[in-house]
**Q** 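Encoded as structure tokens, here's the structure I'll be asking about.
We count residues from 1, following the sequence as given. Just so you know, ligand 1 is whichever comes first in the structure, and atom 1 is the first atom listed for that ligand.
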Amino acid sequence: MSEKNNEKVSEAQIAVHWKEEGYFEPPKEFIAQANIKDDKVLKRFSMENFPDCYKEYADMLDWYKPYTKILDSSNPPFFKWFIGGKLNASYNCIDRHLPKYKNKTALHFVPEPENEPIQHITYQELYVRVNEMAALLRDFCGLKAGDTVTLHMPMIPELPITMLACARLGIIHSQVFSGFSGKACADRIVDGKSKVLITADSYYRGGGLLDHKEKADIACDGALKEGQKVDKVLIWQRYPGKYSAKTPLVKGRDFIVNDLLKDYKRARVEPEQLPADATLFIMYSSGTTGKPKGAQHSIGGYMSYVTGTSKYIQDIHPEDVYWCMADIGWITGHSYIVYGPLALAASSVIYEGLPTHPDPGRPWRIAEELDVNIFHTSPTAIRALRRVGPDEPAKYDYFFKHMTTVGEPIEPEVWRWYYNVVGKKKAVIVDTWWQTETGGFLCSTLPAVHKMKPGSAGPGVPGIYPIIYDDEGNILPAGSGKAGNICIQNPWPGLMMTIWGDDERYVQVYYQRYNKDPKSKDWHDWPYFCNDGAVQAADGYYRILGRIDDVINVAGHRLGTKELESAALMVSEVGEAAVVPVADPIKGKVPHIFVSLKPGVKASAELEKKVTDTLASEIGPIAKPAKVWIVSDMPKTRSGKIMRRVLAAIANKQDTGDITTLANPQVVEEIKNMA
Ligand code: WTA
């Protein structure tokens, strides 16, 4: 069967074999203290009350000038929120908290080396440092509202300080994940047209102090080749007063921020009063194919949305110690480490390094030491911690009231470990589904209102109305048992305004598929196409199957790779699993499965058979992998996502492409030798 024929098979035919999981009730103690205790909020955010319901989120912020219109939808799909209003994100995250909370910790910075003291930065100190940095950006760099700067910074407190300094002046920041290469940074400098790059000399990751400044040189050279000159590179020192990189400074271009700041001691910069629809930042989507897409987020809509969802879904109170283990270089870190939690005056934890360094007890020691009571991480991290330290959480005395999982579908087996072992059966869990482009959560249970169901994200969050369409545009109703393409029917304040510099691509990627009339000025005609597959159970909960591209078509039978991986994890010896499609002359595509084992377990032919048999019994013979690869570890990005693209290339005997940005490129060689 040719590729072409395969593509004709409707998404509606994605096989769904998940078993229905049982419910878990939110703990009574959690409900008693929750920001949202009952379901009245759902009425307030009902479709009849759209878009006025979002006033509730905007009211959580301080505005210089009130908005005159909640939603301007006159030019769909380019939506504008809180029109006429003026505000400042930095003011909302810092200044307004000073009267009450100036001595409260805003950021706890936990360095990776365990013998280095934790830094507790108060709101007052944050205020001082952000003002000084803002003065430097304005007076030394000549930056002003509407200019762009690229940040390529690791997980150090200077990253949010720099972001908030930009926000204070209306400078648009574009933070590139620090694990990305100099080349990837160059591409984003070019796309963002930045003349200033802000970076750091070094940071700790996995036990070593990495030279980060060398990437800045590659980034500037690369950008110049594409016609974008970087005039200034600002370098934060990991250890103030000491330059910890080997690469020399380029005269006239490179400047040490810590030195420059001496000239701005006690400087104060009035926050700019900015229009709600001005741009706060650009964040490039995590997609690895094609030209990077810069999601362009607004100040008013975005800030309202992340503040509202941090309060209602993350249940953040000012007295909480909140730790999201994501990297600030991703959208999760922007929305739910920096802007949302700080707007609510929480104490937010920033951890520099690897969760498993120096051992898998580290996260739980940090939680114990800082009294973290809200914990937020990804299935990838949960799987890794479960694999290498399944019994570690029990050794530490911490209490989580609330835990989040985000970023990929979580297998019910892994969910249960998170609930039983990490949460000690006392924490509520929210499985939050959303995207870089969406600014904040789309689907999740309301933690004190809805029951939890392992593996399901839950219903749309207040004000979000998802819908599942098949390829022909028919609605697949709840309980149909069929998976299709999940879309959001209505716009919401957190939604990006456009793709930076590419309105056409914004329309083409996210709307074209289900828009019936490109001339329509009615927002109802513009459902947002998420590019994810999903199925809605009879109870209304959505289960996300992952990117539509992650579907394997075996002899016309469509299998979600996630579903196969989830089944493989039911084999108790298996730590992680990744399924990739491999070309087959007869069946079109067949699945190969890569598994890594828990520590102490040895690879064997019996184990391979056990994996194959489990897939066949859990899902059906069609899911039998053509090959089981038992590997020592998965090739992973620096953020911990398994690089299925690399595994697929090896299994298909193709070139693996550039693997230098991986956390563990040596594993690739090892797996190649098994082929
Ligand atoms: C996937 C991260 C299942 C999904 C916030 C989405 C999820 C992509 C979940 C966006 C979840 C995110 N369950 N899948 N709870 N959360 N995804 O842009 O495929 O880095 O489209 O944003 O991750 O990834 P991004």
**Q** What orientation do Phe375 and Phe400 show, parallel under 30°, tilted 30 to 60°, or perpendicular over 60°?
**A** parallel

**Q** Between Tyr506 and Phe78, does the ring centre distance come in under 6.0 Å?
**A** yes

**Q** Looking only at non-hydrogen atoms, which of Lys293, Glu408, Glu437 approaches atom 13 (N) of ligand 1 most closely?
**A** Glu408

**Q** If you count every heavy atom of other residues, nucleotides or ligands that lies below 6.0 Å from Lys424 atom NZ, does the total exceed 12?
**A** yes

**Q** Just which atoms of ligand 1 are under 4.0 Å from any heavy atom in Asp431?
**A** 11 (C), 13 (N), 15 (N)

**Q** Give a yes or no on this: more than 12 heavy atoms of other residues, nucleotides or ligands lie within 6.0 Å of atom NZ of Lys80.
**A** no

**Q** For the pair Phe281 and His297, name the ring-plane relationship: parallel under 30°, tilted 30 to 60°, perpendicular over 60°.
**A** tilted

**Q** Under 3.5 Å, N or O to N or O, is Thr405 touching ligand 1 that way?
**A** no

**Q** Go through the steps to decide whether Tyr322 and Tyr336 satisfy the test ring-ring contact (aromatic ring centres under 6.0 Å, His included), and finish with yes or no.
**A** CA-CA 9 Å; Tyr322 168 87; Tyr336 299 113; 7.9 Å; no

**Q** Look at ligand 1 and say whether Trp434 reaches it with a heavy atom at a distance under 4.0 Å.
**A** yes

**Q** Quick one: which ligand 1 atoms are inside 4.0 Å of a heavy atom on Thr332?
**A** 5 (C)

**Q** Which residue from Val430, Thr436, Ile331 reaches closest to atom 18 (O) of ligand 1 through any of its heavy atoms?
**A** Thr436

**Q** Which of the numbered atoms in ligand 1 are under 4.0 angstrom from any heavy atom belonging to Ile544?
**A** 3 (C), 14 (N)

**Q** Looking at ligand 1, is there an atom of it that comes within less than 4.0 Å of some heavy atom belonging to Gly407?
**A** yes

